[in-house]
Amino acid sequence: MKKNPHIGSSLDDLLEEEGTLEEINLIATKRVIAWQISEAMNKRNLNKAAMAQKMGTSRSSLDRLLDPNNTSVTLDTIDRAAKAVGKRIHFELIDIT
């Protein structure tokens with residue numbers, strides 16, 4: 001009986017082999033940010049129009065920010081959204097293992 005070469009490996013190993021690990025991590029991070037901002041908006045009873053106004057941006061820019069699959073949002077937009085809901089952002093660089 002052949003041994004399965006994937007037993008004992010992680011999902012990260014598989015995604016790295018396929019060359020999609022970085023993209024998947026970016027999408028996951030963006031989804032968390034979009035969810036956190038959406039939750040903060042809900043707690044403050046802010047609709048999209050009011051949120052965009054507080055950020056000093058357009059509703060379409062806010063829609064891009066809240067789109068969990070759109071990873072091309074700028075740090076400035078994220079920062080303005082965080083401030084609009086009484087939050088601040090925190091990023092850090094970590095070592096690649």
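Numbers here are sequence positions counted from 1.
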### Task
Please test T74 against D76 for side chain to side chain donor-acceptor pair (under 3.5 Å), starting from the C-alpha separation and ending with a verdict.
CA-CA 5 Å; T74 66; D76 180 63; 4.9 Å; no
### Query
Step by step, would you call E39 with V85 a side chain to side chain contact (heavy atoms under 4.5 Å, CB included)?
CA-CA 10 Å; E39 287 294 302; V85 293; over 6 Å; no
### Message
Walk me through whether N42 and S38 qualify under side chain to side chain contact (heavy atoms under 4.5 Å, CB included).
### Response
CA-CA 6 Å; N42 288 337; S38 181; 4.2 Å; yes
### Check against side chain to side chain contact (heavy atoms under 4.5 Å, CB included), M55 and T77
CA-CA 8 Å; M55 290 174 59; T77 302; 3.9 Å; yes
### Task
Check the pair I33, R31 against side chain to side chain contact (heavy atoms under 4.5 Å, CB included), reporting the backbone distance first and the verdict last.
CA-CA 5 Å; I33 290 168; R31 285 182 177 178; over 6 Å; no
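In this structure, L75 and I89 approach most closely via the heavy-atom pair O-CD1, 4.4 Å.
Between the CG atom of N47 and the CZ atom of R59 there is a distance of 7.5 Å, given to the nearest 0.5 Å. For the atom pair CZ (R44) and CE (M51), the distance works out to 9.0 Å, reported to the nearest 0.5 Å.
Residues L46 and W35 fall into different hydrophobic clusters, defined by Ile, Leu, Val, Met, Phe, Trp and Tyr side chains chained together at heavy-atom separations under 4.5 Å. I37 and F91 end up in the same hydrophobic cluster when Ile, Leu, Val, Met, Phe, Trp and Tyr side chains are linked at under 4.5 Å.
Inter-residue side-chain proximity for E22 and I24 is flagged as unmet; no heavy-atom pair is nearer than 4.5 Å. A heavy-atom distance below 4.5 Å is found between the side chains of K48 and L66.
Remark: side-chain polar atoms of K30 are paired, donor with acceptor, to backbone N or O of D67 under 3.5 angstrom.
Tested against E23, the residues N25, I27, L26 include a single side-chain contact (heavy atoms from CB on, under 4.5 Å) partner, I27.
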